[in-house]
Engineer: 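Before I ask anything, here is the structure I am working with.
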Amino acid sequence: MWKLAILLYPATMLAVAINLFLVGLLAHGLGFAVIAPVTAILWSVPLGIPAVWPVARWVRGLMDEADS
(Lines give C-alpha, C1' and ligand atoms only; values in the text may rest on other atoms or scores of the structure.)
Protein backbone atom coordinates (compact mmCIF):
# COMPACT_ATOMS: atom_id res chain seq x y z
CA MET A 1 0.00 0.00 0.00
CA TRP A 2 2.87 2.38 0.75
CA LYS A 3 4.38 2.00 -2.72
CA LEU A 4 1.03 2.79 -4.28
CA ALA A 5 0.62 5.82 -2.01
CA ILE A 6 4.05 7.11 -2.98
CA LEU A 7 3.23 6.72 -6.67
CA LEU A 8 -0.12 8.50 -6.27
CA TYR A 9 1.20 11.34 -4.08
CA PRO A 10 2.05 13.82 -6.89
CA ALA A 11 -1.39 13.55 -8.49
CA THR A 12 -3.12 13.76 -5.10
CA MET A 13 -1.02 16.75 -4.07
CA LEU A 14 -1.95 18.59 -7.27
CA ALA A 15 -5.64 17.78 -6.76
CA VAL A 16 -5.40 19.22 -3.23
CA ALA A 17 -3.70 22.34 -4.64
CA ILE A 18 -6.46 22.86 -7.20
CA ASN A 19 -9.13 22.43 -4.52
CA LEU A 20 -7.38 24.90 -2.19
CA PHE A 21 -7.14 27.45 -4.99
CA LEU A 22 -10.82 27.07 -5.87
CA VAL A 23 -11.84 27.34 -2.21
CA GLY A 24 -9.79 30.54 -2.08
CA LEU A 25 -11.73 31.90 -5.04
CA LEU A 26 -15.03 31.01 -3.38
CA ALA A 27 -13.87 32.59 -0.12
CA HIS A 28 -13.03 35.76 -2.04
CA GLY A 29 -16.72 36.15 -2.75
CA LEU A 30 -17.29 36.18 1.01
CA GLY A 31 -14.72 38.91 1.56
CA PHE A 32 -11.61 36.88 2.35
CA ALA A 33 -8.29 37.25 0.57
CA VAL A 34 -7.59 35.23 -2.57
CA ILE A 35 -5.19 32.28 -2.20
CA ALA A 36 -2.42 32.60 -4.76
CA PRO A 37 -1.65 29.53 -6.87
CA VAL A 38 1.88 29.26 -5.45
CA THR A 39 0.51 29.43 -1.91
CA ALA A 40 -2.00 26.70 -2.71
CA ILE A 41 0.79 24.48 -4.05
CA LEU A 42 2.93 25.08 -0.96
CA TRP A 43 0.02 24.24 1.35
CA SER A 44 -0.81 21.14 -0.67
CA VAL A 45 2.60 19.54 0.01
CA PRO A 46 1.82 18.71 3.67
CA LEU A 47 -1.94 18.38 3.12
CA GLY A 48 -1.41 15.87 0.35
CA ILE A 49 0.06 13.32 2.77
CA PRO A 50 -3.17 12.53 4.66
CA ALA A 51 -5.19 12.85 1.45
CA VAL A 52 -3.18 10.20 -0.41
CA TRP A 53 -4.04 7.40 2.03
CA PRO A 54 -7.77 7.15 1.11
CA VAL A 55 -6.86 7.49 -2.56
CA ALA A 56 -4.39 4.60 -2.29
CA ARG A 57 -6.98 2.47 -0.46
CA TRP A 58 -9.55 3.23 -3.17
CA VAL A 59 -7.16 2.35 -6.01
CA ARG A 60 -6.07 -0.82 -4.18
CA GLY A 61 -9.75 -1.81 -3.85
CA LEU A 62 -10.19 -1.30 -7.59
CA MET A 63 -7.13 -3.45 -8.24
CA ASP A 64 -8.45 -6.20 -5.97
CA GLU A 65 -11.83 -6.06 -7.70
CA ALA A 66 -10.18 -6.34 -11.09
CA ASP A 67 -8.21 -9.40 -9.93
CA SER A 68 -11.29 -11.27 -8.75
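Residues: numbered from 1 along the sequence shown.
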Engineer: Supply the atom-to-atom distance Asn19 CG to Leu47 CG, rounded to the nearest 0.5 angstrom.
Structural biologist: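 The CG atom of Leu47 is 11.0 Å from CG of Asn19, to the nearest 0.5 Å.
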Engineer: Quick one: list whatever passes side chain to side chain contact (heavy atoms under 4.5 Å, CB included) with Leu7, sequence neighbours left out.
Structural biologist: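 Leu7: no side chain to side chain contact (heavy atoms under 4.5 Å, CB included) contacts found.
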Engineer: What residues, two or more places apart in sequence or in another chain, satisfy salt bridge (charged side-chain N to carboxylate O under 4.0 Å, His left out) together with Asp64?
Structural biologist: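 Asp64 satisfies salt bridge (charged side-chain N to carboxylate O under 4.0 Å, His left out) with Arg60 once adjacent residues are dropped.
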Engineer: Are any of the side-chain heavy atoms of Phe21 and Trp43 separated by less than 4.5 Å?
Structural biologist: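 SC-SC contact between Phe21 and Trp43 ruled out.
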Engineer: Which residue pairs satisfy the salt bridge (charged side-chain N to carboxylate O under 4.0 Å, His left out) criterion with at least one member in residues 14-41, sequence neighbours excluded?
Structural biologist: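 Residue pairs passing salt bridge (charged side-chain N to carboxylate O under 4.0 Å, His left out), neighbours aside: none found.
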Engineer: Go through the structure and list residues passing side chain to side chain contact (heavy atoms under 4.5 Å, CB included) with Leu22, not counting sequence neighbours.
Structural biologist: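 Side chain to side chain contact (heavy atoms under 4.5 Å, CB included) list for Leu22, sorted by chain: Ile18, Leu25.
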Engineer: Rounded to the nearest 0.5 Å, how far apart are CD1 of Ile35 and CG of Leu26?
Structural biologist: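 It is 10.0 Å, given to the nearest 0.5 Å.
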Engineer: Using a 4.5 Å cut-off between side-chain heavy atoms of Ile, Leu, Val, Met, Phe, Trp and Tyr, which other residues end up in the same hydrophobic cluster as Phe32?
Structural biologist: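 Besides Phe32, the cluster holds Leu30.
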Engineer: Taking all atoms of both residues into account, what is the closest heavy-atom pair of Ala40 and Leu20, and its distance?
Structural biologist: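 For Ala40 versus Leu20, the nearest heavy atoms are O-CD1, 3.7 Å.
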Engineer: What residues join Leu4 in its hydrophobic cluster, counting side-chain heavy atom gaps under 4.5 Å, either direct or through other members?
Structural biologist: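 Reading the cluster by chain and number, Leu4 sits alongside Leu8, Tyr9, Met13, Leu14, Val45, Ile49, Val52, Val55, Trp58, Val59, Leu62, Met63.
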Engineer: To check you understand the geometry: which heavy-atom pair defines the closest contact between Val16 and Ser44, and what is its length?
Structural biologist: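 It is CG1-CB, 3.8 Å.
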